[in-house]
Amino acid sequence: MSKKPWAGRFTQPTDEFVEAFTASIDFDQRLYRYDIQGSIAHARMLAKQSIITDEEAQTIVSGLESILTDIEEGNFEFSVSLEDIHMNIEAKLIERIGSVGGKLHTARSRNDQVALDIRLYLRDELQTIQDYLDKLQESLLEQAESNLSVIMPGYTHLQTAQPVLFSHHMLAYYEMLRRDAGRLKDLFKRLNLLPLGAGALAGTTFPIDREFVAEQLGFDGVTRNSLDSVSDRDFALEFCGASAILMMHLSRLSEELIIWSSADFDFISLSDSFCTGSSIMPQKKNPDVPELVRGKTGRVYGNMVSLLTVMKALPLAYNKDMQEDKEPLFDTLDTVKGSLKVFADMIAQLTVNADNMREAAARGFSTATDVADYVVRKGIPFRDAHEIVGKTVRYCIENDKDIPELTLEEFRSFSEHIEEDIYDYVTLDASVNSRRATGGTAREAVQREIARARQERSERS
Ligand code: ARG
């Protein structure tokens, strides 16, 4: 059994089950690269401040680099009796370079070390997530661009409401993801600060230079209170919260893809590579990927609540409870990354059944509001126009007719303000293209938004 770095004041060994129960190495080993990166910056700072010699720092840095190589090549055995990633690496360092390795932990505690590691790790992962988000936005934008003439029913209460462009619907999700990206960018500002130097909780008696470490590690600055530095997990919570919202968005898109790809709607086809069959019903092509993403939204919500509950009412500063921060955070990262990645490809490959969408849009009196707006333009108050068109729709239902099929006489039996030009307003294309103000579904308004998105993206890259 490995000797524990903190064994000095103990006379009895840790109970074997307790050892496994309290260990975090099974899940925190994924922090290894960041633990080493942080330690190297710390060692260099200790030398710069003459807390250790340059030679000692060099020995420590080389030792850490060789450990990094070993872990990356799969030549490192993690030990549960060494509890966590920090002690596993430190023990290996001492084993490899001798007692000088024991100087690395000067002016540092695992409490500020772990706070640093999670920030470094999350910072890297956030970049990956932003990249995946961007890819999915690109897929949505391309779908919007290549289906500009596709009209579909727009729904409220999942009842046909008004016709909209399929492109407009895709851009709705583009906007949601734009806000998601904005939330991640915003939380990055609070994440990208160095907590190291807080020590266990009160700071350190050594003349450290935190700003130097921050600069080496690419942080925008240092945290301002040692108690807060070791006990703050807001940045992880903000990420879990932003992820919950992001997954909520994906779950809505999932739900729509599932509905649209059903035989009853038949609006879209998902590529075979994102679906599976049934072992008993030969006709089935199940939309597994959107279903799973819809399902995985649940665990991301759960992770957020877990972490909030772990942190709730914890007295300052560090408490072992906080070791429970990692699994919900890691699971959220994995789930969000996986969901975005698979969605980017699936959206890029989906095909649209324009005829079915248009047919469905023509049903359900989707241009009734256009008739009402027409009557309003003739000077009738909207509430009266609503009543007039309501009666028109009832007439249509009773006589099995669609609005554009009514004769002028039939129209005029509901309002004498209606004239021949009504037929210019009640087609699907006229209905869609008359909604021209910013954010509307008219082709020209949608094209403006596509151009805006393209412009914004080209400025960013
Ligand atoms: N494995 C621990 C965690 O994840 C590291 C910090 C331990 N600090 C302590 N005082 N026991 O929170």
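The structure presented is a predicted model; accordingly, all values stated were derived computationally and were not measured. Ligands are counted one by one from 1 in listed order, and the atoms in each one are counted from 1 as well.
Within the 4.5 Å cutoff, the side chain of Met170 has no heavy atoms near those of the Val352 side chain.
Ring planes of Phe10 and Trp6: tilted class, angle from 30 to 60°.
Among Gln113, Lys326, Arg110, the single residue meeting the side chain to side chain donor-acceptor pair (under 3.5 Å) criterion with Asp84 is Arg110.
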Nitrogen or oxygen contacts under 3.5 Å, ligand 1 side and protein side:
{"from": "ligand 1", "atom 1": "1 (N)", "to": "Ser24", "atom 2": "OG", "distance (Å)": "3.2"}
{"from": "ligand 1", "atom 1": "1 (N)", "to": "Asp84", "atom 2": "OD2", "distance (Å)": "3.0"}
{"from": "ligand 1", "atom 1": "1 (N)", "to": "Gln323", "atom 2": "OE1", "distance (Å)": "2.8"}
{"from": "ligand 1", "atom 1": "4 (O)", "to": "Lys326", "atom 2": "NZ", "distance (Å)": "2.5"}
{"from": "ligand 1", "atom 1": "8 (N)", "to": "Asn111", "atom 2": "OD1", "distance (Å)": "2.9"}
{"from": "ligand 1", "atom 1": "10 (N)", "to": "Asn111", "atom 2": "OD1", "distance (Å)": "3.1"}
{"from": "ligand 1", "atom 1": "12 (O)", "to": "Tyr318", "atom 2": "OH", "distance (Å)": "2.4"}

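Residues Lys285 and Ser271 approach most closely at NZ-C, 4.3 Å, considering heavy atoms.
Relative to the six-membered ring of Phe212, Lys48 meets both conditions, a distance below 6.0 Å and an angle of at most 45° to the axis.
When the ring pair (Phe, Tyr, Trp, His ring centres under 6.0 Å) test is applied to Phe330, the partners found at least two apart in sequence or on another chain are Tyr121.
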